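Below is one structure, written out as structure tokens, with a few remarks after it.
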There are 2 protein chains.
Amino acid sequence: MKIAEVSEKYGISADTLRYYERVGLIPPVHRNEGGIRDYDELDLRRVDFIKCMRRAGLPVEVLIDYVSLVQQGDSTAGARREILVEQRHQLLNKIEELEKVLGILDHKIEVYDEILLKIEQGLSNAKSEVE
Amino acid sequence: MKIAEVSEKYGISADTLRYYERVGLIPPVHRNEGGIRDYDELDLRRVDFIKCMRRAGLPVEVLIDYVSLVQQGDSTAGARREILVEQRHQLLNKIEELEKVLGILDHKIEVYDEILLKIEQGLSNAKSEVE
DNA sequence: CCTTGACTTGGAGTTAACTCCAAGTATTAC
DNA sequence: GTAATACTTGGAGTTAACTCCAAGTCAAGG
């Protein structure tokens, strides 16, 4: 699969795909006779993995370390697991934080609904108190 | 409360606090006779609100818009509600995405546990297949 | 009175993660 | 077979969100 198609399929620009390869986030992609990138099944799986991890905010640098360990073979399995455990931990914290803020937003929206209702009813003394 | 104390209390650098004020993320903070920032209760509530929102990843620009509407008074309550609803929506999507990735990480960690167990048992033919 | 240290400002510098560009080569369309 | 299109590379530019810096002010301790 050509880079343009991969870009289309995963919603990642061709520039970004090349950048990922350059910095080692994705190992060198398969090329055709002319030296042009021709993503095979494995390459696509790697792109998909990286896409997910990046969307979740895992730092490029951490992912580079991880990918480099994968390249070094089975002996690095323990170190790779450590990275995943650490990132899982970070992710969990992040989710908890976001859920807290979601609650705050929900509350604020409710308050606004009440205020707007009052304003609609012409109660202009519905001084907001919301920030 | 002086800027250094606020910085300490909320884990935001004094530079960042001044930056927030400069770009309009926080309305001008109360000053003492000498012109030095002296955060009052309202200022602190604002700092806390912004801290939460920023931690959840709400863009500074969006928050500037919101804060500016607050300054413009009650007539902007509807527009402010719209911003919050939109951000709530984005946040929910984000949380769903993170939870998906959390699941992927959990699965990968499990797979690593199995592999590491095999390796530990000396089954060097436990060829990983994990990426 | 002078020094120390926390504060002020506007503006420049940094970082992560892209994103774009110029110059060159290869493939496809006519 | 040649013009247009798509690809290549290394490197420069961009964006968001800080973060740091130089030069200056001011209150308080010795």
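To find a chain, count down the sequence lines: A is the first, B the second, and so on, and within it residues start at 1. Quick caveat: nothing in here was measured; it's all calculated off a predicted structure.
The nearest whole Å value for the distance from the NZ atom in A/Lys2 to the P atom in D/dT5 is 15 Å. Whole-Å rounding puts the A/Ile64 CD1 to C/dC18 P distance at 10 Å. Protein atom CD of A/Glu5 is 13 Å distant from nucleotide atom C1' of D/dC7, rounded to whole Å. D/dC20 atom C1' lies 15 Å from atom CG of B/Leu17, rounded to whole Å. Rounded to an integer number of Å, the gap from B/Ile36 CD1 to D/dT25 P is 13 Å. Per the geometry, CD1 belonging to A/Ile12 stands 11 Å off P belonging to C/dT19, to the nearest Å. When the P atom of C/dC7 is taken as reference, atom CD of B/Glu8 falls 12 Å away, rounded to whole Å. When the C1' atom of D/dC7 is taken as reference, atom CG of A/Asn32 falls 10 Å away, rounded to whole Å.
Ranking D/dC7, C/dT19, D/dT19 by closeness to the B/Thr16 side chain, first place goes to D/dT19. Set against D/dA17, C/dT8, C/dC18, the side chain of B/Tyr19 has D/dA17 as its closest nucleotide. Of all nucleotides listed (C/dC7, D/dT9, C/dT9), C/dT9 comes nearest to the side chain of B/Arg31. Listed nucleotides C/dT27, D/dA17, C/dT19 differ in distance to A/Ser13; the shortest reach to its side chain belongs to C/dT19. For B/Glu61, counting side-chain heavy atoms from C-beta on, the closest listed nucleotide (D/dA16, C/dC20, D/dT9) is D/dA16. Nearest nucleotide to the side chain of A/Asp15, out of C/dT8, C/dC18, C/dC20: C/dC20.
Among B/Met1, B/Glu21, B/His30, the single residue meeting the side chain to side chain contact (heavy atoms under 4.5 Å, CB included) criterion with B/Arg37 is B/Glu21.
Residues A/Arg37 and A/Arg22 both approach DNA chain D. Their nearest nucleotides, taken by heavy-atom distance, put A/Arg37 toward the 5′ side. For the pair A/Arg18 and B/Leu25, nearest-nucleotide mapping onto DNA chain D gives the more 5' position to A/Arg18.
The distance from the CG atom of A/Leu117 to the CG atom of A/Asp113 is 8.5 Å, given to the nearest 0.5 Å. Separation of atoms CG (B/Leu25) and CG (B/Asp65) is listed at 10.0 Å; rounding is to 0.5 Å.
Environment of CD in A/Glu8: sparse, with no more than 12 heavy atoms of neighbouring residues, nucleotides or ligands closer than 6.0 Å. B/Lys51 NZ: more than 12 foreign heavy atoms inside a 6.0 Å radius.
Nucleic acid contact class of B/Ala14 (heavy atoms, under 4.0 Å, all strands): none.
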